[in-house]
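Structure record follows, encoded as structure tokens.
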Amino acid sequence: MTLSICTAQLNFVVGDMPGNAQKIIAAAREAYAQGARLLLTPELAICGYAAEDLFLRPAFIAACDDAVKTVARETAGLKGLAIVLGHPQAMAPGAQAFSVCFNAASVVRDGTIEQTYAKRELPNYQVFDERRYFVPGSKPCVFEVEGVKVGVLVCEDAWFATPARDTAAAGAQLLAVINASPFHLGKGTEREATMRARVVETGLPLVYAHLVGGQDEVVFEGRSFALAADGSVAARAPAFVEKLVYALVEPAQGAIKITAEVAPERTLEADLWDALVLGVRDYVGKNGFPGALLGLSGGIDSALVLAIAVDALGADKVRTVMMPSPYTADISWIDARDMATRMGVRYDEISIKPQFEAFKAALATEFAGLPEDTTEENLQARIRGTLLMALSNKFGAIVLTTGNKSEMSTGYCTLYGDMAGGFAVIKDVAKTRVFDLARWRNANDPYGTGANPIPERIITRPPSAELRPDQKDQDSLPPYEVLDAIVARYMENDEPIESIIASGFARADVERVTRLIKLNEYKRRQAPVGIRVTRRSFGKDWRYPITSKFRA
């Protein structure tokens, strides 16, 4: 008894059922030629994850059914190859005004669907909303291939003991878990630890097949793996790349042994960088944009976004625009030019001084006798946003916004100004981590687009919006080390205000930051979607009312 298993760690497009089916068929043919007799596809591979309210449309489910049949038909000649295929399956087509589905995994072999398993545990937390679309299954699924009895689980099922235990009781000798589990920092280690608990409880080895790719705000990092019956890592695929991963399963002293390559562990910075790069590449590519453009200010945030964009798309598809105002320091445009040259991207300068003066002149009567304040600061940001969106409209490139999580938390950003754009690359990256990533990228060149791309002065100078004379971020906000720590505790971990204060933070800082988080919910509702890289982002993870008196 020797079984070769292929895990199809692939990047699918939501709603492209014909394209996804063909990708699965191609993987099946290649795997079969390499001797594999079991192919595992990710969760909901046939339609992509997550399709959200498309699951409620009967026509969508019907198209998924057609794609499943296509896979079965086109792989019928691969005799003996079992394919575990992730797809939605309607409970009773046409019986209701909306579609009620299973999150299913079917065993397809020799042109027929032998069994279909329905996911039992439906997550409804963080970015997950599966109880809106699916109903849970209740029965295990075990099938035999090359003498090995394989039990199927779908993603969340393996985070609980009961489905794995029931599958073992049904006779499984190996657990096959197909997944679409969104990335956040540290998630890969968490997955392996949780799956190890299932292995220890059941005494069965486990193969974990995972999706890779970006889908709107979430990223899936791949990093498929296998655990031996003793819980040790027997296989681990590279992260953030498509790959067909092979593992050999054979008996050894009364147990099942898994043999495969084990990719090394990675640093958090490397994971974060690749997640941001993949998120940009797939958002731009899957939505058909010819390229991207951004305002390059000479500051750290836009510098980081530029480096990510070039790694994601290539220098030829990225354009930068420097838009100096009366308050722009010379070093800002000098550093911006320097970085654009280092990255090899198009760089243009469009002064906003004429437009700024025209706006002030138009409002002079209304503002007579009033001092300049944030109104004039915001005018500058909104002029820049208008110019960038005009270039986007004319040439088709998407505007990448450059605001970070610290700014999104506190509202230190201008609605219809620096928030104007189509994709918020570092929306979930705190300012302190922005600096860490900039230093990491200067020390590493993972995509071969150029070493040391960010001028050192951009990293070392005090951050400033440069919207008034001698402005510094810390004039308006607590030090970022303090601000980011409070945001992480309050926003990401739901820690109470009094608990944060008791841990050593000044009451004034905690009250100020949490008040700003509450007050600026209306801005975040109007912000572009951005890449989720933490346990909780200002996206699907965060659903707070704009109108509310509650804070603590």
Side-chain angles (χ1 to χ4, degrees), residues 5-12 14 20-21 23-24 27-28 31 36 38-51 64 67-68 71 75 81-89 101-109 113-123 128 130 134 136-137 139-143 145 148 150-160 163-164 167 172 174-183 187-188 191-192 194-195 198-199 204-213 215 220-227 235-237 242-247 249 258:
I5 300 175
C6 177
T7 294
Q9 181 173 293
L10 297 175
N11 189 340
F12 298 101
V14 166
N20 296 339
K23 180 169 279 196
I24 293 165
L38 174 59
L39 177 70
L40 304 178
T41 71
E43 177 180 12
L44 294 170
I46 207 74
C47 62
Y49 192 97
C64 291
V68 170
V71 172
T75 60
L81 176 68
I83 303 171
V84 177
L85 181 60
H87 64 98
Q89 184 180 64
C101 307
F102 292 120
N103 182 339
S106 288
V107 180
V108 177
R109 182 160 37 189
I113 298 173
E114 294 184 352
Q115 296 186 57
T116 296
Y117 172 79
K119 186 176 182 179
R120 296 172 61 175
E121 302 290 343
L122 303 177
F128 301 106
E130 292 203 9
F134 305 118
K139 297 179 181 179
C141 171
V142 178
F143 66 98
V145 56
V148 179
V150 181
V152 178
L153 298 172
V154 178
C155 203
E156 189 80 359
D157 291 338
W159 289 75
F160 292 85
T167 303
L174 172 73
L175 298 177
V177 189
I178 67 170
N179 304 267
S181 176
F183 168 83
K187 185 68 176 290
R191 287 195 203 100
E192 288 188 10
T194 302
M195 296 307 105
R198 300 292 85 79
V199 167
L204 301 181
L206 178 149
V207 179
Y208 188 102
H210 193 210
L211 181 66
V212 68
Q215 170 59 30
F220 305 92
E221 84 270 32
R223 201 179 185 267
S224 303
F225 61 91
L227 300 178
R236 184 186 296 125
E242 287 190 291
K243 190 174 179 64
L244 298 184
V245 184
Y246 295 91
V249 173
I258 300 177

Item to check | Worked check of side chain to side chain contact (heavy atoms under 4.5 Å, CB included) between Val177 and Cys155 | outcome: CA-CA 6 Å; Val177 189; Cys155 203; 5.6 Å; no

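- Distance check: Phe183 CZ to Arg191 CZ gives 8.5 Å after rounding to the nearest 0.5 Å.
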Checklist entry - For Leu81 and Thr75, what are the C-alpha separation, side-chain angles and deciding distance, and is it a side chain to side chain contact (heavy atoms under 4.5 Å, CB included)? => result CA-CA 8 Å; Leu81 176 68; Thr75 60; 5.5 Å; no

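- The nearest pair of heavy atoms linking Arg120 to Pro136 is O-CB, 3.2 Å.
- Partners of His210 according to the ring-ring contact (aromatic ring centres under 6.0 Å, His included) rule, which considers only residues two or more places apart in sequence or in another chain, are Tyr208.
- Applying the ring-ring contact (aromatic ring centres under 6.0 Å, His included) rule to Phe128 yields the partners Tyr125; only residues at least two apart in sequence or on another chain are considered.
- Glu114 places none of its side-chain heavy atoms less than 4.5 Å from the side chain of Val108.
- Atoms CG and CD1, on Leu39 and Ile24 in that order, are 8.0 Å from each other to the nearest 0.5 Å.
- Taking every heavy atom of both residues into account, His87 and Ile46 meet most closely at CB-CG2, 3.2 Å.
- Put simply, the side chain of Asn20 never gets that close to the backbone of Phe12: no donor and acceptor are under 3.5 Å apart.
- When all heavy atoms of Tyr49 and Ala180 are compared, the pair lying nearest together is CG-CB, 3.6 Å.
- Considering every non-hydrogen atom in both Ala105 and Val154, the closest pair reads CB-CG2, 4.0 Å.
- One finds the CG atom of Leu204 at 12.0 Å from the CZ atom of Arg198 (value rounded to the nearest 0.5 Å).
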Item to check | Verdict with reasoning, Val107 to Ile113, per side chain to side chain contact (heavy atoms under 4.5 Å, CB included) | outcome: CA-CA 6 Å; Val107 180; Ile113 298 173; over 6 Å; no

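- The minimum heavy-atom distance linking Ala27 with Leu244 is given by the pair CB-CD2, 3.8 Å.
- Put simply, the side chain of Asn179 gets close to the backbone of Ala209: a donor and an acceptor are under 3.5 Å apart.
- The environment of NZ in Lys187 is crowded: more than 12 heavy-atom neighbours from other residues, nucleotides or ligands sit within 6.0 Å.
- Contact detail for Ala176 and Val150: the closest heavy-atom pair is CB-CG1, 3.7 Å.
- Contact of the Val207 side chain with the Thr7 side chain is registered, since non-hydrogen atoms from C-beta on lie closer than 4.5 Å.
- The CG atom of Leu10 sits 8.5 Å away from the OG1 atom of Thr41 when rounded to the nearest 0.5 Å.
- Rounding to the nearest 0.5 Å gives a distance of 5.0 Å between CD of Gln89 and OG1 of Thr116.
- No side-chain donor from either of Asn103 and Tyr117 sits under 3.5 Å from a side-chain acceptor of the other.
- Between Val245 and Phe225 there is no side-chain heavy-atom pair separated by less than 4.5 Å.
- To the nearest 0.5 Å, atoms CG (Leu211) and CD (Glu242) are separated by 9.5 Å.
- Arg223 pairs by the salt bridge (charged side-chain N to carboxylate O under 4.0 Å, His left out) definition with Glu192, Glu265, not counting sequence neighbours.
- Here the side chains of Pro163 and Pro140 are not in contact, with every heavy-atom distance at 4.5 Å or above.
- Using modelled atom types, one side-chain atom of Gln9 and one backbone atom of Ser224 make a donor-acceptor pair closer than 3.5 Å.
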